[in-house]
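Working notes, beginning with the structure itself.
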Amino acid sequence: MRNRIFGWIMTVGFVAGGGEVAAQEPLRQGPQESVVLRFDEARRDTLADVPSATAETLPAAAGRPFAYKLNHRRVTREEAYGRVTLWNVRRVRVKNRRMRLADTTRRERVRLLKFFIERDRRKGVRPHLQGNVAGYRWSATSLEGARQRRQAVHIRTYTLRAEYDSLRRAGGIDRSGRIPDGLWHPLPHDARYLLDGIEVPGRVFQFIDGLILRSLDIRTDSATIDGRPLVVGRTYADRAPLVVIDGMPSDVGEWLRMCRANVFSLEAEVPMYYYYLLPVEAVETFGRRGRFGAVCIEPAR
């Protein structure tokens with residue numbers, strides 16, 4: 001009987017001691033939680049451009065992988081990257097979820113990127129270019145490499161839409177659609193390029209031509225300034241990509257004003273460079289605001 005009573009006393013003492021240790025455990029975890037909170041605040045300072053740093057606007061939490069859905073169907077990153085374009089994406093949702101990844105057997109915390117694109121491929125293609133120009137040839141087709149960037153990029157020749165349509169109606173255009181040599185007009189190298197009312201270098205005009213150029217007009221009449229031909233372009237305002245200047249958000253207009261100030265010249269006091277992120281990568285980096293892609297501008301280090 002004494003042994004039984006002694007055993008009860010030892011058991012109660014052991015449980016009480018364990019409870020005391022458990023009660024003290026959160027106190028030792030306190031400093032670690034504060035570090036996590038400070039890290040979160042640092043992320044908000046870095047992304048101060050994003051209004052209300054919520055789960056829908058911030059990139060994935062530390063170490064959290066991405067998962068992807070395309071029109072409610074689970075896909076790989078490669079499939080999403082290849083199918084989501086500037087022209088077919090309609091909306092994007094970013095959610096925190098627990099999902100089973102392809103290479104695991106348990107559910108993990110992930111950032112689910114849900115892309116909704118046009119189901120009709122005819123509606124998800126790049127629209128036809130408007131303006132009085134039917135075709136044009138650039139003096140340089142690539143901007144890769146320092147040697148190419150040093151070259152002046154400009155439109156070398158162009159053909160007018162009215163002339164092309166007139167010849168096509170007369171049966172002078174074959175089935176291939178090839179433009180006869182006689183319809184190509186040379187454009188002087190000193191032509192001025194105006195994009196959304198802002199004068200920019202030719203290489204910027206070529207860059208935007210592959211993205212959101214809506215219309216292109218070439219004017220060579222006497223109304224142009226100093227008699228120099230004028231290349232006038234307009235962009236799609238409703239498809240404008242996110243512009244991020246050294247980590248801070250901006251817009252296409254500010255980027256074009258920087259181009260006018262020649263800050264992207266190799267001879268600039270603080271040379272800058274820019275590149276375009278496709279929608280999937282832009283959403284991974286900047287959240288829903290990157291659904292139309294992102295033009296990232298950074299100092300040339």
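Below, all heavy atoms of this structure are taken into account, side chains as well, without hydrogens, waters or symmetry copies.
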How would you list, by chain and number, every residue that makes a side chain to side chain donor-acceptor pair (under 3.5 Å) with Y136, sequence neighbours excluded?
->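 Expected list: D209.
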Can you get from [X] to [Y] by hopping between Ile, Leu, Val, Met, Phe, Trp and Tyr side chains that sit under 4.5 Å apart?
{"X": "V125", "Y": "V89", "value": "no"}
{"X": "L278", "Y": "V243", "value": "yes"}
{"X": "V92", "Y": "W87", "value": "yes"}
{"X": "V252", "Y": "L129", "value": "yes"}
{"X": "I245", "Y": "I198", "value": "yes"}

Does NZ or CZ of R137 lie under 6.0 Å from the centre of the six-membered ring of W184, at an angle within 45° of the ring axis?
->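 Yes - R137 lies over the ring of W184, closer than 6.0 Å to its centre and within 45° of its axis.
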Is the charged tip of R91 near the ring of F116: under 6.0 Å from the six-membered ring centre and within 45° of its axis?
->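 Verdict for F116: a cation-pi partner in R91.
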Partner set under ring-ring contact (aromatic ring centres under 6.0 Å, His included) for Y164, not counting sequence neighbours |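 Not a single residue meets the ring-ring contact (aromatic ring centres under 6.0 Å, His included) criterion with Y164.
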Got a sec, which residues hit salt bridge (charged side-chain N to carboxylate O under 4.0 Å, His left out) with R77, two or more places apart in sequence or on another chain?
->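 Residues passing salt bridge (charged side-chain N to carboxylate O under 4.0 Å, His left out) with R77: E284.
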Residues in salt bridge (charged side-chain N to carboxylate O under 4.0 Å, His left out) with E254, at least two apart?
->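 Scan of E254 (salt bridge (charged side-chain N to carboxylate O under 4.0 Å, His left out), adjacent residues dropped) gives R257.
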Polar side-chain atom of [X] near backbone of [Y] as donor-acceptor pair, under 3.5 Å:
{"X": "N88", "Y": "T85", "answer": "yes"}
{"X": "R97", "Y": "V110", "answer": "no"}
{"X": "R107", "Y": "R98", "answer": "yes"}
{"X": "D190", "Y": "R228", "answer": "no"}
{"X": "D217", "Y": "G233", "answer": "no"}
{"X": "R288", "Y": "R93", "answer": "no"}
{"X": "T285", "Y": "E281", "answer": "yes"}
{"X": "D196", "Y": "T235", "answer": "yes"}

Taking atom CG of L213 and atom CZ of F207, what is their separation to the nearest 0.5 Å?
->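 Separation between the atoms: 12.5 Å.
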Between NE2 of H185 and CD1 of I218, what distance do you get to the nearest 0.5 Å?
->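 Taking NE2 in H185 and CD1 in I218, the distance rounds to 9.5 Å.
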Would you check if there is a donor-acceptor pair between the side chains of R109 and N96 at a distance under 3.5 Å?
->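 R109 and N96 do not have a side-chain donor-acceptor pair below 3.5 Å.
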Is it true that the side chains of Y193 and E199 contain a donor and an acceptor less than 3.5 Å apart?
->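 On atom types as modelled, these side chains do not qualify, holding no pair under 3.5 Å.
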Where W255 and I208 come nearest, the two heavy atoms and their spacing |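 So the minimum-distance heavy-atom pair works out to CZ3-CD1, 3.4 Å.
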Check: [Y] and [X] side chains under 4.5 Å, non-hydrogen atoms:
{"X": "I297", "Y": "M258", "value": "yes"}
{"X": "V244", "Y": "V295", "value": "no"}
{"X": "V133", "Y": "I155", "value": "no"}

Answer yes or no: does atom CZ of R260 have more than 12 heavy-atom neighbours from other residues, nucleotides or ligands under 6.0 Å?
->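 12 or below, so no.
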Scan for salt bridge (Lys or Arg N to Asp or Glu O under 4.0 Å) pairs involving residues 177-189, sequence neighbours excluded, and state none if there are none.
->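 For residues 177-189: R178-D181.
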Got a sec, which pairs hit salt bridge (Lys or Arg N to Asp or Glu O under 4.0 Å) with one end in residues 230-243, sequence neighbours left out?
->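 Matches after skipping sequence neighbours: none remain.
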What's the verdict on side chain to side chain contact (heavy atoms under 4.5 Å, CB included) for E118 and R90, showing C-alpha distance, side-chain angles and the deciding distance?
-> CA-CA 7 Å; E118 293 287 352; R90 293 189 291 114; 3.3 Å; yes
